[in-house]
Number of protein chains: 2
Amino acid sequence: MSLKHALLGFLSYNSMTGYQLKQYVDESVQHFWNASLSQIYPTLSQMEKEGLLTMEVEYQEEKPNRKIYHITDAGRQELQRWLREPTNLPSVREAFLIKVFFGGTMEKEDILSQMNQYLKLHRDLLAMYQGPVLEKMQQEAANLERDSFFWALTLEAGINLEKAWIEWLEESIEKIKKYATD
Amino acid sequence: MSLKHALLGFLSYNSMTGYQLKQYVDESVQHFWNASLSQIYPTLSQMEKEGLLTMEVEYQEEKPNRKIYHITDAGRQELQRWLREPTNLPSVREAFLIKVFFGGTMEKEDILSQMNQYLKLHRDLLAMYQGPVLEKMQQEAANLERDSFFWALTLEAGINLEKAWIEWLEESIEKIKKYATD
DNA sequence: ATTGACATGTAATACGTTACATGATTCC
DNA sequence: GGAATCATGTAACGTATTACATGTCAAT
């Protein structure tokens with residue numbers, strides 16, 4: 001499970017609560033990872049049991065109490081071990097490409113409608129990545145030049161991949177219009 | 001679950017066994033879907049219960065008996081319904097990009113080693129997609145022109161995406177060599 | 001003799017989503 | 001008055017992987 005390692009990564013910058021971790025994940029790595037709160041909370045308490053984190057309860061007036069998690073030495077070691085470990089390709093499950101694969105059993109207008117819908121989804125994603133996300137991230141990391149360098153790299157990965165999708169979708173739509181019967 | 005729908009797709013071409021389905025999946029859609037036999041067998045018997053398939057036992061001499069699955073009208077209807085249904089983006093979990101995101105906490109040589117390993121994985125994939133896979137698929141579909149048109153499209157998607165990965169990895173490796181400290 | 005292809009499955013475990021449950025405060 | 005933010009969790013369910021289990025035949 002690398003949710004564990006993503007959380008260790010964020011907690012290596014700063015101690016924080018599960019709720020805050022969710023916000024960081026959504027803001028910064030959401031284009032290649034996501035996690036719900038109902039997955040984060042149990043994972044954190046399990047990590048505490050494993051000795052990767054320690055937990056401290058902060059009693060707040062006028063707001064709910066919160067549990068602040070701190071990374072331990074064992075946690076830092078585990079993060080570093082994982083960062084250096086060889087990485088396998090993730091298993092892909094692209095339902096969309098299954099539909100294209102069986103596109104021969106669909107009418108031309110139906111498959112074109114699918115392609116156009118998916119094109120819109122990817123165009124929206126690209127627009128989002130090219131929007132204010134990067135600047136926001138760079139601001140936050142103003143005093144962490146080296147970090148923001150790598151953050152920018154991951155964003156560029158997302159942008160490149162989205163561009164590849166969009167290119168393929170646009171070309172394929174033209175091909176289907178020209179060559180596909182029906 | 002779209003494993004169900006992928007299986008329906010293949011069974012809409014031909015009746016076959018779970019073992020054969022596994023082979024088709026591995027040969028033709030393995031770059032965007034994969035399924036183990038221990039997932040396929042229970043799924044098939046569940047689909048039979050749901051009335052999407054019927055099952056026929058073939059008693060073979062000198063070989064194990066086999067269960068041949070046939071798609072029903074309900075199965076064809078469900079496949080067509082699913083093919084036309086809007087498709088959501090799959091949730092991505094790219095552990096590799098998490099490692100890059102926290103690359104700031106790694107030494108330069110360690111992150112470069114990661115990048116080069118991943119580059120090799122993607123180059124191998126690209127080589128595979130550009131190898132004899134396509135010709136093989138087109139041969140099998142010799143009498144199914146329209147099908148092989150869409151099969152080729154999905155392969156091109158894989159090739160485009162791999163090229164995008166490789167480009168990003170190559171550029172990023174250069175950037176890290178030039179700009180990253182340590 | 002042993003590996004690989006053929007053929008089917010169960011059980012345990014891991015990972016992830018959705019629904020359910022609670023409760024305060026702040027902003028519109 | 002109602003929605004959004006802050007804050008934490010449990011339970012049920014769905015999906016997927018890994019390990020375990022069995023057995024034949026053909027080729028090396």
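The figures here come from the full heavy-atom set of this structure, side chains too, leaving out hydrogens, waters and symmetry mates. A note on names: the letters A, B, ... follow the listed sequences, proteins ahead of strands, and every chain is numbered from 1. Keep in mind that this is a model prediction, so the values were computed, not measured.
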Between atom NZ in Lys22(A) and atom P in dC6(D), what is the gap in whole Å?
13 Å
Pairwise distance OG(Ser36(A)) to CG(Asp26(A)) - rounded to 0.5 angstrom
10.0 Å
Can you measure Met16(B) atom CE to dT8(C) atom P for me and round it to whole angstrom units?
12 Å
Using OP1 and OP2 only, check whether a side-chain N or O of Arg93(B) sits under 4.0 Å from dC15(C).
no
State yes or no: do Tyr179(A) and Phe101(A) share one hydrophobic cluster built from I, L, V, M, F, W and Y residues joined by side-chain heavy-atom distances below 4.5 Å, directly or via other members?
yes
Of the listed nucleotides dT5(D), dT8(C), dT18(D), the one nearest the side chain of Tyr19(A)
dT5(D)
Taking CG from Leu7(B) and C1' from dA16(D), how many angstroms apart are they, rounded to a whole number?
14 Å
Residue whose closest nucleotide on DNA chain C lies nearer the 5' end, Gln23(B) versus Ser91(B)
Gln23(B)
Quick check for you: to the nearest 0.5 Å, what is the distance between Glu162(A) atom CD and Glu167(A) atom CD?
12.5 Å
Please report the end-to-end axis angle for the helix from dA1(C)-dT28(D) to dC28(C)-dG1(D), five pairs per end, rounded to 10 degrees.
30°
All N/O donor-acceptor pairs, side-chain side in residues 88-97 of chain B, below 3.5 Å, sequence neighbours left out:
unit_1	atom_1	unit_2	atom_2	d
Arg93(B)	NH1	Asn34(A)	O	2.7
Arg93(B)	NH2	Asn34(A)	OD1	2.8
Glu94(B)	OE1	Tyr118(B)	OH	2.9

For the residue pair Gln23(A) / Glu27(A), report whether a side-chain donor-acceptor contact shorter than 3.5 Å exists.
no
Integer-rounded Å distance: dT10(C) P and Ile40(B) CD1
15 Å
Measure the shortest side-chain to side-chain distance between Leu21(B) and Leu11(B) over non-hydrogen atoms and say whether it is less than 4.5 angstrom.
yes
What nucleotide among dT8(C), dT8(D), dC15(C) has an atom nearest to a side-chain atom of Gln39(A)?
dC15(C)
Specify the separation, in whole Å, of atom CG of Leu37(A) and atom P of dT17(C).
12 Å
Give a yes/no on whether any side-chain N or O of Asn34(B) is located under 4.0 angstrom from OP1 or OP2 of dA16(D).
no
Report the distance from atom CZ of Arg66(B) to atom P of dG9(C), rounded to the nearest whole Å.
13 Å
Can you establish whether the number of heavy atoms outside Lys108(B) located under 6.0 Å from its atom NZ is more than 12?
yes
Kindly point out which of dT8(D), dT10(D), dT17(C) is positioned nearest to the side chain of Pro42(A)?
dT10(D)
Could one point to a donor on the side chain of Ser38(A) or the base of dT18(C) with an acceptor on the other under 3.5 Å away?
yes
Rounded to the nearest Å, what distance is computed from the CD atom of residue Gln46(A) to the C1' atom of nucleotide dT10(D)?
16 Å
Spacing between Asn65(A) atom CG and dT22(C) atom P, to the nearest angstrom:
19 Å
